[in-house]
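A quick write-up on the structure given underneath.
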Amino acid sequence: MNYKLTQSNYRHLVVGTETKIPIKNGQYISAINFDNAASTPPFVSVMEEINNFSKMYSSIHRGTGYKSKLSSQLFEDARSIILKFVNADPRNDTVIYVKNTTEAINKLSYRLWDGNKKSVILSTWMEHHSNDLPWRNKFQVDYVQTDSLGKLSLENLEYKLNKHKGNVKLVTVTGASNVTGYVNPIHKIAELAHRYQAKILVDGAQLVPHNAVNMKPKNPLQHIDYLVFSAHKMYAPFGIGVLIGPQETFTRGISEFVGGGTAETVTHDWVVWENPPHKEEAGSPNVMGVVALVAAIKTLTALGMRNIDHYENELTNYANMKLSSIPGITLYSHTAQGEPRIGVIPFNIKGIDHEQVATILSNEAGIAVRTGCFCTQPYIQQLLSISPKQMEFYKNNEKAPRPGVVRVSFGLYNDFSEINVLTHLLERIIKHPKTYIN
């Protein structure tokens with residue numbers, strides 16, 4: 001491994017990487033952002049494209065002016081670019097624009113609901129709340145277990161598929177955990193699901209910005225039926241996300257949101273709905289968001305997803321090596337050499353609350369991290385060995401400090417020197433806690 005690269009070769013491609021911010025002693029230093037799993041800053045190319053296109057921006061689909069026609073063309077052509085980016089099937093799949101991954105999963109939950117009370121959704125113990133809660137009020141939900149390290153159990157997945165005797169409508173799984181960084185074997189999971197006549201949804205919010213995703217591999221059993229992801233985690237924070245899936249899913253029935261743009265003909269007695277994807281996209285579309293997403297996809301493609309994955313893996317391995325050598329730090333994700341993962345590392349310092357650690361890092365060195373449960377409370381409870389009885393205490397004591405962990409998460413613009421700043425400060429905090437804790 002080459003850990004001598006003090007600055008990322010991609011750093012100049014991202015806005016704000018050298019921004020100076022104030023710290024506790026009044027000095028201004030370069031901000032260090034290790035909170036990329038939440039949102040990433042924009043690419044320079046994204047901002048340039050937004051500024052360039054803004055001169056031609058106009059309302060789409062129904063306008064006859066030149067700018068409107070141009071905006072409409074860009075908006076529709078973007079669907080093909082998105083499909084190609086994840087190797088979806090352009091003959092059968094469609095791209096539906098939404099605000100984010102959460103909205104995409106909610107939308108799919110409504111569109112898959114057919115009133116069959118026996119239908120089962122198989123979620124997992126490692127899912128974000130957005131890939132758990134939307135299913136609960138419509139389907140029977142069961143959860144695939146994780147092992148002692150928090151990794152998904154394929155054996156338990158097959159057991160659950162067999163247990164529910166053909167009633168599993170969908171296996172819904174994160175492509176990569178926003179807590180531990182584990183990358184799930186989505187094609188093996190797809191093959192298992194399809195062998196039991198179920199479909200698969202991959203929550204790609206964390207996976208798509210960091211790894212190449214292939215919805216249509218050579219083995220047809222391993223294809224991905226549905227994929228969702230958000231642009232704000234892939235250097236295009238302008239409020240757009242996508243739901244990709246078979247067009248036939250959205251041909252039947254009515255969207256949960258209807259209004260402008262969703263109907264072809266309307267009287268007070270009947271409605272002829274538009275064909276998908278337009279029947280699913282009510283209201284004025286987020287054209288600027290689509291412009292930003294396409295610009296980000298073009299930049300990521302030009303850089304090469306394998307190159308990005310390789311560099312971020314080096315960052316993660318280096319950070320893991322440094323953190324694991326510091327007495328008093330507990331790491332909650334464990335991968336063997338060569339095992340796939342993304343740049344997310346959860347940890348705690350013995351005897352110091354996770355929120356306090358984050359505050360110190362920000363105040364002393366301008367380091368941004370995330371703490372808490374990251375909208376994955378059952379998973380965190382399992383990783384921290386918190387029992388259901390203990391959770392009852394928090395239910396009945398709303399003001400009690402909540403359990404959680406500190407999470408560092410990398411983007412392609414982070415570098416090894418920033419990790420050194422983090423680990424040196426963590427060493428000082430552990431050696432001299434009274435200096436930093438009031």
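It should be emphasised that the depicted structure is a prediction, and the values quoted were computed from it without experimental measurement.
Applying the side-chain hydrogen bond (donor to acceptor under 3.5 Å, both in side chains) test to residues at least two apart or on different chains, the pairs with a partner in residues 213-227 are Asn87-Asn214, Glu191-Gln222, His194-Asp225, His223-Asp225, Tyr226-Thr249. Sorted by first and then second residue, the side-chain hydrogen bond (donor to acceptor under 3.5 Å, both in side chains) pairs with a member in residues 233-248 form an empty list; sequence neighbours excluded.
Heavy-atom neighbours of Lys107 NZ from other residues, nucleotides or ligands within 6.0 Å: above the threshold of 12.
Using modelled atom types and a 3.5 Å distance limit, the side chains of Thr180 and Ser333 yield no donor-acceptor pair. Checked by atom type, the side-chain pair Ser362/Thr359 shows no donor-acceptor distance below 3.5 Å. Ser59 and Ser68 are not linked by any side-chain donor-acceptor pair at a separation below 3.5 angstrom, with hydrogens and angles left out of the test. Defined by atom type and a distance below 3.5 Å, a donor-acceptor pair is missing between the side-chain atoms of Asp203 and Asn131. Defined by atom type and a distance below 3.5 Å, a donor-acceptor pair is present between the side-chain atoms of Gln382 and Thr146.
The side-chain hydrogen bond (donor to acceptor under 3.5 Å, both in side chains) search around Ser30 returns Lys20, not counting sequence neighbours. Residues passing the side-chain hydrogen bond (donor to acceptor under 3.5 Å, both in side chains) test with Ser39 are His232, sequence neighbours excluded. Taking Asn178 as the reference, nothing meets the side-chain hydrogen bond (donor to acceptor under 3.5 Å, both in side chains) condition, with sequence neighbours excluded.
You'll find the ring centres of Phe75 and His61 inside the 6.0 Å limit. In summary, the aromatic rings of Tyr10 and Tyr413 are positioned with their centroids too far apart to meet the 6.0 Å limit.
Relative to the six-membered ring of Phe374, Arg407 meets both conditions, a distance below 6.0 Å and an angle of at most 45° to the axis. Cation-pi check for Lys138 over Tyr110 is met; the charged atom lies under 6.0 angstrom from the ring centroid and within 45 degrees of its normal.
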Donor-acceptor pairs are to be reported for all side-chain atoms of residues 297-305 against protein atoms at under 3.5 Å, with residues two or more places apart or in another chain.
residue : atom : partner : partner atom : Å
Thr299  : OG1  : Ser45   : OG           : 2.6
Thr299  : OG1  : Ala295  : O            : 3.1
Thr301  : OG1  : Ile297  : O            : 2.7

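Put simply, CD1 on Ile96 and CD on Glu103 are 10.5 Å apart, with the number rounded to the nearest 0.5 Å.
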Q: Test Ile345 against Phe410 for side chain to side chain contact (heavy atoms under 4.5 Å, CB included), laying out the working first.
A: CA-CA 9 Å; Ile345 303 175; Phe410 303 122; 4.1 Å; yes

